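Below is one structure; the comments refer to it alone.
What you see is a predicted model, and the numbers here were worked out from it, not measured in a lab.
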Amino acid sequence: MINFIRWLHSFFFVFMLLSSCGSSDKNSERDKKRDQIRNYALSKEKELSDITGNYFGSLFSDGVELQKIHLLLTIREDVSDSETSIDPTRIPRLAGYMRLAYVSDNESDSYISYSIIKGDYDSKLNSVTLELKNSQYGLLTLDLSDSEEKLSGKWLSSENSSHGEINLIRLNEDNMGLSSNFIPSSLNTEFTGYLSRNKTGSYHLSKLIFQTQKNDNDSLIMAASLLFYNGSWSDSEYQKFTFSTVNFNALTGGITMIDDSSTISLNGSLRDHNLRGTWSTSYSGNSGEFLLNSRSFAKPDESLQQEPSISKTYFGKIIYTENNQSHFPENISISLSMGEDAEAPLKSSLNGKVRFYTGSYGSQEYLEVPFSDIDYNVFNRALIIRTENPYQMTFSATLEKNLISGDFHYGSPGKIGEIKLNDSYENSGMMDMQGQYQAVFRWNDIKAYQYGNFQIFTSYDNGLKISGDLKMIFGPSHSVEYLSYKFENIEFNPESGILTISSPDTEVYLKVRYDNGSLHGDWFSHTRGNIGHVCMSQSKIPEIPDGFSLLSGIGGSYRGKIINKNESTSLPEKTLLNIAASRNTESKDGLLLQGSIRFYLGSFDSHEYMEYTFSNISYNFYTRELNATTIKENLLIQGFMQNGIFSGSISHNGFGTIGTIEVKI
């Protein structure tokens, strides 16, 4: 038993001795492996340090430069995949980033960056392999060769279906200023230039304003606004289009954008501060090319003409094509004014008015109607203009090359004519309404006519003001026997072209239509209604109607007889009625009538007569009724004057009716 115990102790000692020798050998192997890894790490770090630094250059595709880039190579230590779990060793790897040229020195600015997720450098082969990643654009691989502080090779982006060449130069003491050539302004800026029109050979000045926002550490959310100008920058005539989303390929510089209203789209590329490509609209399809620059104005080709400003006045005519009752003056002008909206920055408003000229352009004789709504499509040049009550007008036209042409609609009749206007005018040959008119008035019931004069005065004070002086002449045109009337407010209806010439203080009133220096229509008496037609002209005496005779004045000597019918009286039969007409500015119509009546005992050539002067003579030129009273004997003459003949009665306030009287010139 004791021997067995001793043997067991001896076996344990030998076992422990052998075990101790095996553990030492194993620890020695682990230390050796760890030393090897450490040596490799030190060697690799020294090797990688030869390639690290800042590199600047460009991406190319088929020899065409796409984008300028900045590549930063640094060293990152990764934990070794060694079997040891004691004192793990860290292995150096290539790290860093590649930034595209949309970054400024300000780190808070927007930029697009690829992070190096895997990289290696083989000093024997002078090759660098990098695998980079961007959360928005995916993976990018670079296979580069190192030669004299330069890296060159190939790049591939399978997710973007793009590839090409890459050339980089390392930044050192000799080329410290190189970086400024590869780091332009950020995308969060303005690009100015033009959009050209293929069909018209013209261009619009344009401004594209980008807005960028960090999505994460390596990508951007981009939006933009396009200001599309008419005329020059100073005109502030533009239409704004908003692009809430901009699709931008950072590698190729490709950019695609459609505005929020799906009206205009741009498709192009951004390279070296220049944004260029083609643009199209939903109205006209492919429209032309664009070129914009973030550092300076991109000038258009000299063969292109600048699109003019639309803020101006256009002159022209209404050409009536439909049979209707509307007779707006033919001469019109349309004024358009576009400018920045003070209450809404980066937004423009379009206002305007239409003027209908009764005479020549530039005169004060016009009806002005402001526009209530203007819709202008700069792409297809469609122009829709509306006015509100009392004139519900619509102009449906196109505006192109300083020319407005289209249709004129009014109220319920709809289209009543066409318009054609441009931004200049010549003498239209139209006469102003203001002026002196020669007139011929017809008396339909007696087939007579008389001359007249009409003076029209116009002024403009918050609207067209028309007044006039009318003379109605009895007898020849040079006669002083005339009635005169003043009309302070003459109504003009531009729809019908009718002038209503009336006054509450006058017996006569007229309704006439104006037509290039002439007036024609009807004239009326408040007591008798429509009397006849009237024609007036500024240039000549209107034609005398056939079958009508001149209406004579009432002034003159009328001879005839009295037929006594009162047994209590016996006046001589032969009688002479004298009437004289003269001017009296104090009377309402400016005419003074005086006269007397003679009763002859013998012949009209004798001096045997009794004469009684009239104290008052009243004569209604429209009913032709004459009343006269003598100063002595209180004789009253009553009757009607027509065609140079007076017939009526004679009476006395004491004896009553004496008899009848009929006299003529």
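Using modelled atom types, one finds no donor on one side chain facing an acceptor on the other under 3.5 Å when comparing S49 with T52. Side-chain contact, S58 with E65: a donor N or O sits under 3.5 Å from an acceptor N or O. Checking S196 against E289 by side-chain atom types alone, no donor-acceptor pair falls below 3.5 Å. At a cut-off of 3.5 Å, with distance as the only test, no side-chain donor of S162 or N160 sits close to an acceptor on the other residue.
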Report task. Take K299 and E302 through the side chain to side chain contact (heavy atoms under 4.5 Å, CB included) test and state the conclusion after the steps. Result -> CA-CA 9 Å; K299 295 182 179 180; E302 293 182 356; over 6 Å; no
Query raised in the report: Checking side chain to side chain contact (heavy atoms under 4.5 Å, CB included) for the pair L142/I166: CA distance, chi angles, key distance, verdict?
Result: CA-CA 8 Å; L142 303 180; I166 181 172; 4.2 Å; yes
Report task. Take K312 and N402, measure what side chain to side chain donor-acceptor pair (under 3.5 Å) needs, and give me the verdict at the end. Result -> CA-CA 9 Å; K312 60 185 66 176; N402 298 321; 3.0 Å; yes
Report task. In sequence, state the C-alpha distance, the side-chain angles, and the governing distance for L399 and I310, and then conclude on side chain to side chain contact (heavy atoms under 4.5 Å, CB included). Result -> CA-CA 8 Å; L399 171 57; I310 68 172; 3.6 Å; yes
Report task. Before giving the answer on side chain to side chain contact (heavy atoms under 4.5 Å, CB included), spell out for R93 and I91 the whole-Å C-alpha distance, their side-chain angles and the decisive distance to 0.1 Å. Result -> CA-CA 7 Å; R93 307 285 189 192; I91 302 300; 4.2 Å; yes
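Between S335 and T313, the shortest heavy-atom distance links the atoms OG-OG1, 2.9 Å. Here the shortest heavy-atom pairing between Q67 and A250 reads CG-O, 3.4 Å. The minimum heavy-atom distance linking K317 with N331 is given by the pair NZ-OD1, 2.7 Å. Residues L205 and Y203 come closest through the heavy atom pair CD2-CE1, 3.7 Å. Nearest heavy-atom pair, Y137 versus E159, reported as atom, atom and distance to 0.1 Å: O-OE1, 4.0 Å. F248 and G253 make their closest contact through CE1-O, 3.7 Å (heavy atoms, listed as atom of the first residue, atom of the second, distance).
Counted within 6.0 Å of NE2 on H409, heavy atoms from surrounding residues, nucleotides or ligands total more than 12; the atom is thus considered enclosed. The environment of D62 atom CG is sparse: at most 12 non-hydrogen atoms of other residues, nucleotides or ligands sit within 6.0 angstrom.
Going from atom CZ of F379 over to atom OG of S287 covers 7.5 Å, rounded to the nearest 0.5 Å. Atom OG of S294 sits about 7.5 Å away from atom CG of N274, to the nearest 0.5 Å. Between atom CD1 of residue I404 and atom CZ of residue R381 there is a gap of 12.5 Å, rounded to the nearest 0.5 Å. The structure places CG of L130 at 6.0 Å from CG of L144, a figure rounded to the nearest 0.5 Å.
Formation of a donor-acceptor pair under 3.5 Å by the Y361 side chain with backbone atoms of G316 is found in this model. Judged by distance alone, the side chain of N351 and the main-chain N or O of L336 form no donor-acceptor pair under 3.5 Å. In this structure, T281 contributes its side chain and Y283 its backbone to a donor-acceptor pair below 3.5 Å. Of the possible polar contacts, one joining the S372 side chain to the R386 backbone as a donor-acceptor pair under 3.5 Å is found. Side chain of D259 to main chain of T263: a donor-acceptor pair is present (N/O by atom type, distance under 3.5 Å, no hydrogens or angles). Checked by atom type and distance alone, the side chain of N380 pairs as donor or acceptor with a backbone atom of A382 at under 3.5 Å. Under the 3.5 Å distance criterion, the side-chain polar atoms of Q211 are matched with a main-chain donor or acceptor of I209. N134 places a side-chain N or O within 3.5 Å of a backbone atom of S113 that can act as its donor or acceptor partner. Side-chain N or O atoms of Q305 include none that pairs as donor or acceptor with a backbone N or O of T200 at under 3.5 Å. Here the side chain of S311 pairs a donor or acceptor atom with the backbone of M338 at under 3.5 angstrom.
Put simply, the residue from W155, Y114, Y55 that forms a side-chain contact (heavy atoms from CB on, under 4.5 Å) with M98 is Y114. Put simply, the residue from S309, S232, S337 that forms a side chain to side chain donor-acceptor pair (under 3.5 Å) with E237 is S309.
With sequence neighbours left out, F290 forms a ring pair (Phe, Tyr, Trp, His ring centres under 6.0 Å) with no residue at all. With sequence neighbours excluded, the residues that form a ring pair (Phe, Tyr, Trp, His ring centres under 6.0 Å) with F408 are F328, F395. Under the side-chain contact (heavy atoms from CB on, under 4.5 Å) criterion, S280 pairs with S265, sequence neighbours left out. Remark: F210 engages F191 in a ring pair (Phe, Tyr, Trp, His ring centres under 6.0 Å) (not counting sequence neighbours). Taking the ring pair (Phe, Tyr, Trp, His ring centres under 6.0 Å) definition, one finds that H204 meets it with F228, sequence neighbours left out.
Annotation: cation-pi pair R99/Y97 present, NZ/CZ under 6.0 Å from the ring centroid and within 45° of its normal.
At least one side-chain heavy atom of V128 sits less than 4.5 Å from a side-chain heavy atom of L94. Considering only heavy atoms from C-beta on, D373 stays 4.5 Å or farther from I385 through its side chain.
Ion pairing of K154 with D143 is absent here, as no side-chain N (NZ or NE/NH1/NH2) approaches a carboxylate O to less than 4.0 Å.
Judged as a salt bridge (charged side-chain N to carboxylate O under 4.0 Å, His left out), the pairs with a partner in residues 41-55 (not counting sequence neighbours) are, in order, K44-E47, K44-D120.
Checked against the 6.0 Å centroid threshold, F356 and Y366 do not count as a close aromatic pair.
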